[in-house]
Amino acid sequence: MATQNVLTPQSEDFPRWYQDVVAKAEMADNGPVRGTMVIRPYGYAIWERIQGEIDARIKEAGAQNAYFPLFIPESYLSKEAEHVEGFSPELAVVTHAGGEELTEPVVVRPTSETVIGEFMAKWIQSYRDLPLLLNQWANVVRWELRPRLFLRSSEFLWQEGHTAHATLEDAAAYAMKIHTEVYEDFLNEVLAVPTFLGIKPPRERFAGARNTMTCEGMMRDGKALQMATSHELGQNFAKAFDIYYQSEEGQAQLCYTTSWGSSTRLVGGLIMAHGDDRGLVLPPRVAPIEVIVISVRDEPGVNDACETVVSQLKAVGVRAQLDRGRGSFGRRVTDWEIKGVPLRVEVGPRDLAEGVVSVVRRDSGDKSTIGVSSVAQEVPALLARIQSDLFQRAKDHRDANTCDVASVAQAIDVAQTGFARLSWDLVGDSEEAELNAQALTIRCLQRGDGSVPESELEPDLLCIVAKAY
RNA sequence: CGGGAAGUAGCGCAGCUUGGUUAGCGCGCCUGGUUUGGGACCAGGAGGCCGCGGGUUCGAAUCCCGCCUUCCCGACCA
């Protein structure tokens, strides 16, 4: 029987394909309140793997986890002028509680610079208290105008790091450290998504920051997605919240702070960076199930062999799960493909008679047989291969769809289907407005060698222009 | 929030123009049986405030008004 489309093909309607995958892979549902999201177990399992990998890197970078309240006094937001201006339009504000009107409304945090700043001021006395390196895993609320599951929901889950330092140089170096050693490393090594690192042009900066860094990934449709961000906040928040320390010389000095975050949007990016017309394609390192072992027939000899294979895989640390045959074989295969399980092991009587099992890669569809006794040896290597092939495939796709251009007009043309890279000198205010009018944005600024500049004023910078999610 | 489209069973849709008995179809779901190497088949069955509220009418899924939600394109954004 011919395989037919279970999902809308990407080429026909990419946004529709995305929604089909989210629904059919059982990742998430819309919540009852506009813009909210119910994350289903399979989607949440992916998020938990993302959390684990990012959390380990954050701790390796020296930050500690803490937790701050969901509710923030409205007055805190107003303490930093740009910050309040940036976030006011999308705040959810609680005016009534306990059956009474509150004397001061409280906002549901859209981000936590303000509360954390308040407590940093309390906790920091001396230069010996610096740097103070904090992170929290939390939910935040931003009343978005156009929500999309995972990519932009009114409430989302994220980690937000907040640090205070004695000097600008130290703060800048730490923000960069997080950007490369946590975010870039995670995106490349775990999500298998190559990214362009750079700084945001002034107009796209975080509200209250003096510099915003970004990791921009390319989706299968050529659009950009900001996958993580790090901000140097200078002394803006330190001034607003009186974050002072006493220096070695006994002087009161203002701190320099940073903040940095990554969210459940990463799940959306993961879907769009690797997925194909058959559904999700998960890199093994984020896959809750790396290997699905399918019994072709629900009969004792086959089932016993399946269990042996699963336990051998688990013994070498592979996340393997058994699908014992209930329902048709084709149906089960299709379901696991939609869910993006990287490797499928098919165990059936014909193969077993020859002492082998069939192994099929989700990413390439390549099918091979391996001896039952060598499964535990060969599968981990195969998974590693899939991981690196997926990264390479994503990189090839990105590079093939990134073009150097010499004018804004060419950039507008190229950025319809990919990234355009051009000299930042060519883009003034009116050119930027021209791009924006075409639904294009400057995703980031880079040096010629692809490294991250310190400011937009450096000479000879390049900018990457694209449509974005 | 502006422009467009749409809300009828879990999902996808027909019916509405021209109001009229018990509102249909496909997939899915349940039961039994036969199946299982790429979305199986047969038989039986369950499941509906036709998005919400109001109006017109003897009578509304159908006509009118308001609202809500979802999707697409913008502005905002992780």
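Residue numbering restarts at 1 for every chain, and letters A, B, ... go by the order of the sequence lines. Quick caveat: nothing in here was measured; it's all calculated off a predicted structure.
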Task: Pi stacking test for A:Phe156 and B:A78: under 5.5 Å apart, planes under 30° - done: yes
Task: Structure string for RNA chain B in dot-bracket form, Watson-Crick and G-U at under 3.5 Å, | interchain - done: ((((((((.[[[[.)....(...]]]].((((((.....)))))).....[[[[[..)....]]]]])))))))....
TODO: Anything under 30° is parallel, anything over 60° is perpendicular, the rest tilted; go ahead and classify A:Phe237 against A:His83.
DONE: perpendicular
Open item on the list: Check the orientation of A:Trp137 and A:Trp47. Use parallel for under 30°, tilted for 30 to 60°, and perpendicular for over 60°.
Closed with: perpendicular
Quick one: which protein N/O atoms are closer than 3.5 Å to N/O atoms of nucleotides 43-46 of chain B? Pair and distance per line, please.
none

Could you give the distance separating [M] and [N] at their [atom1] atoms, to the nearest angstrom?
N	M	atom1	value
B:C41	B:A5	P	39 Å
B:G7	B:C16	C1'	14 Å
B:C52	B:C13	C1'	22 Å
B:G37	B:G53	P	49 Å
B:G33	B:U70	P	44 Å

Which of the following nucleotides, [options], is nearest to the side chain of [X]?
X	options	answer
A:Arg146	B:A75, B:G38, B:A78	B:A75
A:Asp298	B:A78, B:G38, B:U36	B:U36
A:Arg297	B:U36, B:G28, B:A78	B:U36
A:Arg332	B:C76, B:U36, B:G38	B:U36

Measure all distances between protein nitrogen or oxygen atoms and nitrogen or oxygen atoms of nucleotides 51-53 of chain B, and list the pairs falling under 3.5 Å.
none

- [ ] Name the nucleic acid region contacted by A:Glu144, choosing base, sugar-phosphate or nothing; use a 4.0 angstrom heavy-atom cut-off, strictly under.
- [x] base
TODO: Describe the nucleic acid contact of A:Gly86 in one word from base, sugar-phosphate, nothing, applying a heavy-atom distance below 4.0 Å.
DONE: nothing
- [ ] Please determine if a side-chain N or O atom of A:Arg152 lies less than 4.0 Å away from the OP1 or OP2 oxygen of B:C77.
- [x] no
TODO: Check whether any side-chain nitrogen or oxygen of A:Ser328 sits under 4.0 Å from OP1 or OP2 of B:U36, and answer yes or no.
DONE: no
Could you list all N or O pairs between the protein and nucleotides 66-71 of chain B that sit under 3.5 Å apart?
residue : atom : partner : partner atom : Å
B:U70   : OP1  : A:Gly35 : N            : 3.3
B:U70   : OP2  : A:Arg34 : NH1          : 2.6
B:C71   : O3'  : A:Gln19 : NE2          : 3.1

- [ ] With sequence neighbours excluded, give me every ring-ring contact (aromatic ring centres under 6.0 Å, His included) pair touching residues 265-299 of chain A.
- [x] none
TODO: Specify the residues of residues 342-371 of chain A, ordered by number, for which at least one heavy atom lies under 4.0 angstrom from an atom of RNA chain B.
DONE: A:Arg344, A:Glu346, A:Gly348, A:Pro349, A:Arg350, A:Asp351, A:Ser358
